[in-house]
Number of protein chains: 2
Amino acid sequence: MIRRPSHARERGIPEATVARLPLYLRALNGMSERGLATVSSEDLASAAGVNSAKLRKDLSHLGSYGTRGVGYDVEYLIYQISRELGLTQDWAVAIVGVGNLGRALANYGGFVSRGFRVAALFDADPEVVGDHIAGLNVEHIDDLEAVIRRRGVSIVVLATPAAAAQQVADRVIAAGVTSILNFAPVVLTVPEGVDIRKVDLSIELQILAFHEQRKTDRMSGGPAMAEEWPEAVDL
Amino acid sequence: MIRRPSHARERGIPEATVARLPLYLRALNGMSERGLATVSSEDLASAAGVNSAKLRKDLSHLGSYGTRGVGYDVEYLIYQISRELGLTQDWAVAIVGVGNLGRALANYGGFVSRGFRVAALFDADPEVVGDHIAGLNVEHIDDLEAVIRRRGVSIVVLATPAAAAQQVADRVIAAGVTSILNFAPVVLTVPEGVDIRKVDLSIELQILAFHEQRKTDRMSGGPAMAEEWPEAVDL
DNA sequence: GTCCCTTTGTGAAGCGATGCACAAAGTGAA
DNA sequence: TTCACTTTGTGCATCGCTTCACAAAGGGAC
């Protein structure tokens, strides 16, 4: 059996590094398309929007894949990062909830590009069950467990209304799924060993609003409009 | 002029805390609807999916709004967090790019709920300009600057193809916008003082795939399928 | 082979966030 | 008033990530 270089920490890549690897991969793919053979940490870092020291440390966690004085071989690095991220196999993804957002996700091309294949769509509304979206038949949520098992789905995207999300999560987890991407604005409770990632548009906007408010406050010279909590309310 | 309590760090809330405030706010709104008057840090923390020490430290950055032995007044805390996040005013948001995703965002209800109002939709495709989506007329991208200024848009959501995103960002920034939520899979370069937040479905999936691969590797007892880099490729 | 130049990989310091553990502060009962 | 109990606010140790700065390693010219 062939092992990876011993100085690469066997199974210990920092979470922050993992979150940046897809960024590097995308930048490298662009360079590959433009025909670049090698790239320096400086150039790759700036294409990915990080500084070069961070990039080098990140890559050093995968192994020693660069050449001093030269840089990194673009194709080789693409292969190594892809392998580390698990993109050399392909993953069957199911989308639950085919409302506006679910439809948009199903049709989103960037999805399929790298290792991911939308393998099933589910909804509870009899009105949309049976529709064809992005070449797929929308299945009824009653068949969730059976279809997940049959098609080997390992990642589920939740695009249901908030009220349904926890219940659906429980069911897909019971069916063996351990990776969930949640678009519903609720905090999901899941057993240990299940990975959840959350995307919440409303939260992102609120964070932007906080900084935006700060910027405008600063312009107008302080919190002149601060108001007291209305006296009428009982404290 | 009324000031906030002096022990609250005047303009110094940690970024990690800001990112969690919307979570607390959502949990509090649920409690308010269920008629709860007060809540302990323990209960609120568990509703928001964090531990109670973190919650208390986060809230302490806003001021001392709890009562020892009792907990926090739900309505009062909602008010304080809303004010800190800048949700007591409402923000005009523009969505650029009315493809699948842009449409879904325009129709997304959770948007409007708290302080945000979709004030304009833009697209470059003459085919969709003039369409009515979620009660709004889709405007041509040529009118971007004029409409942004006229309607006081301060936050822009980018849902354009990747190739157009940087160019659109440059234009909205030139028009005075300093907060952007970017759904396009590109690294945007922006001047200092402009806040960008990024949402990238593909990256989220890749992170999940990494962990999923790890879990299955562990089950099958090691990286038995690891392959050498094909010899044919020049290194 | 030797020298110079470039670029990687990493030790170490710095920085911010997390979580523990407890003193301080409040409630309610007697 | 005093006492027992609850819950906040925070000092402090710890942890993980970032950044600096440089030794080590490789390439190319001569």
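Here is how names work: the chains are called A, B, and so on, in the same order as the sequence lines, proteins then strands, and each is numbered from 1.
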Under 3.5 Å, which protein N or O atoms sit close to an N or O of nucleotides 28-30 of chain D? Give each pair with its distance.
none

N/O to N/O distances under 3.5 Å, protein versus nucleotides 14-18 of chain C:
residue	atom	partner	partner atom	Å
C:dT18	OP1	B:Arg20	NH1	3.0
C:dT18	OP2	B:Arg20	NH1	3.4
C:dT18	OP2	B:Arg20	NH2	2.9

Protein-nucleotides 3-5 of chain C N/O pairs under 3.5 Å:
none

Which parts of residues 38-48 of chain A get close to DNA chain C, meaning a heavy atom less than 4.0 angstrom away? A:Ser40, A:Ser41
Nearest-0.5 Å distance, CD1 of residue A:Ile155 to CG of residue B:Leu205: 5.5 Å
How long is the straight-line distance from CG of B:Leu25 back to CD1 of A:Ile203, given to the nearest 0.5 Å? 9.5 Å
If only atom types and distance count, is the side chain of [X] paired as donor or acceptor with the main-chain N or O of [Y] below 3.5 Å?
{"X": "A:Trp91", "Y": "A:Gly86", "value": "yes"}
{"X": "A:Ser32", "Y": "A:Leu28", "value": "no"}
{"X": "A:Asp43", "Y": "A:Val39", "value": "no"}
{"X": "B:Ser64", "Y": "B:Ser60", "value": "no"}
{"X": "B:Arg26", "Y": "A:Pro185", "value": "yes"}
{"X": "B:Thr17", "Y": "B:Ile13", "value": "no"}
{"X": "A:Gln213", "Y": "B:Glu84", "value": "yes"}

Between [atom2] of [N] and [atom1] of [X], the distance in whole Å:
{"X": "A:Tyr65", "N": "D:dA25", "atom1": "OH", "atom2": "C1'", "answer": "18 Å"}
{"X": "A:Leu77", "N": "C:dT8", "atom1": "CG", "atom2": "P", "answer": "11 Å"}
{"X": "B:Leu55", "N": "D:dT7", "atom1": "CG", "atom2": "P", "answer": "14 Å"}
{"X": "A:Leu21", "N": "D:dC17", "atom1": "CG", "atom2": "P", "answer": "13 Å"}
{"X": "A:Arg56", "N": "D:dC20", "atom1": "CZ", "atom2": "P", "answer": "11 Å"}
{"X": "A:Leu62", "N": "C:dT8", "atom1": "CG", "atom2": "C1'", "answer": "14 Å"}

Pairs of donor and acceptor atoms involving the side chains of residues 186-197 of chain A, under 3.5 Å and at least two apart or interchain, shall be tabulated with distances.
residue	atom	partner	partner atom	Å
A:Asp195	OD2	B:Lys215	NZ	3.0
A:Arg197	NE	B:Glu204	OE1	2.4
A:Arg197	NH2	B:Glu204	OE1	3.2

On DNA chain D, nearest-nucleotide positions of B:Gly69 versus A:Ala53: which is more 5'? B:Gly69
Side chain proximity check, B:Tyr108 to A:Asn100, heavy atoms < 4.5 angstrom: no
Going by distance alone, is a donor N or O of one side chain under 3.5 Å from an acceptor N or O of the other, for A:Ser179 and B:Glu212? yes
Using a distance-only test with no angle check, is there a side-chain donor-acceptor pair under 3.5 angstrom linking A:Glu75 and A:Tyr79? no
OP1 or OP2 of D:dG9 less than 4.0 angstrom from a side-chain nitrogen or oxygen of B:Tyr72, does that happen here? yes
Contact under 4.0 Å: A:Ser64 side-chain N or O vs C:dG9 OP1/OP2: yes
For B:Arg20, give me all partners under salt bridge (Lys or Arg N to Asp or Glu O under 4.0 Å), at least two apart in sequence or on another chain. B:Asp58
Donor-acceptor pair under 3.5 Å: do we get one between A:Arg68's side chain and the base of C:dT8? yes
